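Taking it in order: structure first as structure tokens, then the write-up.
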Amino acid sequence: MKKMFFIVLFCFIFFIFFLPLASADWWNSSWNYRKEINITNTGSTTLNNFPVYLNIIYNETMQGDYDDLRFINGSCASEGGISLDYELENYTSSKADIWLRIPVFLAGVYSICMYYNNSGATNGENKTGVWDSNYLAVFHMQDLNATYIVDSTLNSRNGTKSASNGPAQISGIIGNAQYFSNDNIKSKSLTSGKNNITNNYTLEAWIKPEYITNGSGDIDKYGQTIIGIAADPSSGPYDWLTQHGKNIWFSTFQSSSTSFIKSDNIILTTTQYYYVAATSMKSSEAIIYVNGTKIKNETASSSNMSSLFTLGDLRPGRAIYYNGTMDEVRVSNIQRSADWINMSYQIVVNQGTYVIVGNEEAQASDTSYPIFSNYYDNNASLVGSGTGLFNVTIENTNGTVLLEINNQNYTATNLTSNVYNASYAFTSAGTYSYKWHSWGNGTSNLYNASETRSYTVNASADTCTYSGSGNWALNCADNCVFSTTQTIGSGNNITITGTGTLTFNNNGRWAFTGTNQYITIASGCTLNINTGGGWNY
């Protein structure tokens, strides 16, 4: 007895700890797989509404266009169930470039759950929801067509190229980029519209220079324009981010075209991308960042902001051009923090360090088949024809329930809770067989059928022929035709109901053998007596 107890105990422990269990916290049963993604905030402060970059490697169970991707707040084991806004910037057969907004990105590790594998899913992205209201423009440097690039924010500041395919779209650090060569992209004003700049701003761009020599003339004097916010080089005002040889220069709220904050202690090359950012507050601090690191800070001037905004040139036609590749350009109307800017760099360059994708987890399959009980039908209630009614209670069903009768399947309707009903129109008497079919409510949809049951439709009584004894009940609607004698026994009577015609032909008679026998005829019944017909008494 003790030996049997320990065997049972071992089996129970094995089941609990080693067998895969159905997950009660699965976000949506229409998605069959998921992975947990842990993202590290490298700073010491909380970043609200931060756009995280995710490099999602294609899995053979995903849709080829990645339309089935969904990102849910919280770990897979204890997720909050809130779907997060994301933007699908670009995809190939091997990976997808995703931007995901984290509402409250605390310092440390933040977990989300990525769901996929739903063949019926359509695109679920909300790209404008990724970029908070402080973003005035976000350019992934993706062509809308040969003459425009797309702004991902609600502000619709799409950029206009100076010529068709000039700049030209090429591969970038993320998805596509624009290659500048003596051309530019002009966008809508930053000082008007849905959002605008007043006294604060942040400029961001990824650049890969084509030339790192200072050159001569205006290029040597100002540098190559990355982002220009200035009315005219000769009159200002100036908010101007440039590449000057191997360094980055920044003019902010200036009235002088030669007043720059100069990062003379970095050395750019032509072999890699650099993340350059600049923040400024009028009459306060202005900072240059390169690759997430603070390089230089000085006091910003006090001139007003210009309305003109261009990429690759100070102003179209002024020939202070940037030459090289530019990607992921953003403009904000606040000063982004040092932690924000550093995280923006780290999440792209060190994706494999700060974004850890867990193992694939499959949704648990059904463990029970549908169970049928509480059968009901109106068996033996029909005479000749009519509607048969059928009910059944089913546990563990996904809602697909069929009634099979007379070798045909009919879809049942859910009445209440787990009760389903169906009906069938019988046209003739007889005994029929029927059974129910249903499928389980998990991913494997386990099928089951009920027991086979019988249903009887009664044959119609022949009211046109007297049985030879007892009273005789006739339905005038049967329109009987009497061509032979019907002998009614002594003491028996005839009752005729319904509407129709009873016809008596040559030998069609009712013969009464007793006395005090009678016929009761409904008002809607007509007696049609032909020659030789009638009754004897």
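Because the structure is a prediction, the values reported are computed rather than measured.
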How about N59 and Y33: does a side-chain donor come under 3.5 Å of a side-chain acceptor? no
Heavy-atom closest pair (S454 atom, D377 atom, distance to 0.1 Å) is O-OD2, 4.4 Å
T353 versus Q351, side-chain donor and acceptor atoms under 3.5 Å: no
Would you check if N176 and D143 make a side-chain contact, meaning some heavy-atom pair closer than 4.5 Å? no
Minimum heavy-atom distance W436-Y420, with the two atoms named: CH2-O, 4.2 Å
Any non-hydrogen side-chain atom of V331 less than 4.5 Å from a side-chain atom of I197? yes
Any donor-acceptor pair under 3.5 Å linking the side chain of K188 with the backbone of S156? yes
Among Y424, F390, Y432, Y376, find the one that has a ring pair (Phe, Tyr, Trp, His ring centres under 6.0 Å) with Y455. F390
How long is the span from the OG1 atom in T153 to the CZ atom in F139, to the nearest 0.5 Å? 8.0 Å
Side chain to side chain donor-acceptor pair (under 3.5 Å) with N32: which of N117, T61, D68? N117
Geometric class of the W131/H140 ring pair [parallel <30°, tilted 30-60°, perpendicular >60°]: tilted
Going by atom types only, do Y91 and D65 share a side-chain donor-acceptor pair under 3.5 Å? no
Side chain to side chain contact (heavy atoms under 4.5 Å, CB included), that's the test. Do W31 and Q363 meet it? Break it down for me. CA-CA 8 Å; W31 275 258; Q363 183 177 186; over 6 Å; no
Atom pair CG/CG of N396 and N448 - distance to nearest 0.5 Å: 10.0 Å
Go through the steps to decide whether V355 and I347 satisfy the test side chain to side chain contact (heavy atoms under 4.5 Å, CB included), and finish with yes or no. CA-CA 8 Å; V355 178; I347 202 70; 3.5 Å; yes
Quick one about T501 and N479 (side-chain donor to acceptor, distance below 3.5 Å, no hydrogens or angles considered), yes or no? no
Let's go through I356 and I37 carefully: what are the C-alpha distance in whole Å and the side-chain angles of both, what is the deciding distance for side chain to side chain contact (heavy atoms under 4.5 Å, CB included) to 0.1 Å, and is it a yes or a no? CA-CA 6 Å; I356 304 300; I37 301 177; over 6 Å; no
Heavy-atom pair with the smallest gap, counting every atom of C76 and E361: CB-OE1, 4.4 Å
Donor-acceptor pair, N378 side chain versus T387 backbone, under 3.5 Å? yes
Any donor-acceptor N/O pair, Q63 side chain to A121 backbone, under 3.5 Å: yes
Look at the rings of Y115 and W26 and say which category their plane angle falls in: under 30° parallel, 30 to 60° tilted, over 60° perpendicular. perpendicular
Please check this pair: side chain of D327 against backbone of I173, looking for a donor-acceptor N/O pair closer than 3.5 Å. yes
Would you say the rings of Y66 and Y58 are close, in the sense that their centroids are separated by under 6.0 Å? yes
Are N123 and E125 linked by a side-chain donor-acceptor pair shorter than 3.5 Å? yes
Smallest heavy-atom separation, D97 atom then G175 atom, equals OD2-N, 3.4 Å
Correct closest heavy-atom pair for V348 and S344 would be CG2-O, 3.7 Å
N/O donor-acceptor pair under 3.5 Å between T202 side chain and I334 backbone: yes
I want to check something: taking the side chain as every heavy atom from C-beta on, are Q169 and Q142 in contact at a cut-off of under 4.5 Å? yes
With a 4.0 Å cut-off, would you call R34 and E36 a salt bridge? no
D132 with R336: basic N within carboxylate O range, under 4.0 Å: yes
Y148 backbone acceptor or donor facing N145 side chain under 3.5 Å: yes
If you round to the nearest 0.5 Å, how far is OG of S438 from CG of L446? 11.0 Å
When rounded to the nearest 0.5 angstrom, what is the spacing between NZ in K35 and SG in C113? 11.5 Å
Rounded to the nearest 0.5 Å, how far does CD of Q346 lie from OH of Y275? 11.0 Å
Within the structure provided, determine whether I174 and N90 are in side-chain contact (heavy-atom separation under 4.5 Å). no
Of V52, I98, L54, N126, the residue whose pairing with Y86 passes side-chain contact (heavy atoms from CB on, under 4.5 Å): I98
For the residue pair L474 and I494, establish whether any side-chain heavy-atom pair is separated by less than 4.5 Å. yes
Are any non-hydrogen side-chain atoms of S337 and L47 less than 4.5 angstrom apart? yes
Is it true that Y466 and W510 have ring centroids separated by less than 6.0 Å? no
Is the backbone N or O of T45 less than 3.5 Å from a side-chain atom of D339, with the two atoms forming a donor-acceptor pair by type? yes
Could you tell me whether the side chain of L389 reaches within less than 4.5 Å of the side chain of S423, counting heavy atoms only? yes
Would you call D151 and R157 a salt bridge, taking side-chain N to carboxylate O under 4.0 Å as the test? no
Between the side chain of N391 and the main-chain N/O of N421, is any donor-acceptor distance below 3.5 Å? no
Is there a side chain to side chain contact (heavy atoms under 4.5 Å, CB included) between C476 and L502? Walk through the geometry before answering. CA-CA 6 Å; C476 196; L502 301 183; 4.1 Å; yes
Just how far is it from atom CD1 of I102 to atom OG1 of T46, taken to the nearest 0.5 Å? 11.5 Å
Closest non-hydrogen atoms of A205 and V329, given as atom of the first, atom of the second and distance, are CB-CG2, 3.9 Å
Report the relative orientation of the aromatic rings in Y135 and W340; use parallel for angles under 30°, tilted for 30 to 60°, perpendicular for over 60°. tilted
Inspect the surroundings of OH in Y375 and state if more than 12 heavy atoms from other residues, nucleotides or ligands are less than 6.0 Å away. yes
Are the aromatic rings of W206 and Y274 close, with centres under 6.0 Å apart? no
For E328, does its backbone N or O pair with a side-chain atom of E204 as donor and acceptor, under 3.5 Å? no
Can you check whether V419's main-chain N or O pairs, donor with acceptor, with N414's side chain at less than 3.5 Å? yes
Side chains of Q486 and W472, heavy atoms from C-beta outward: is any pair under 4.5 Å? yes
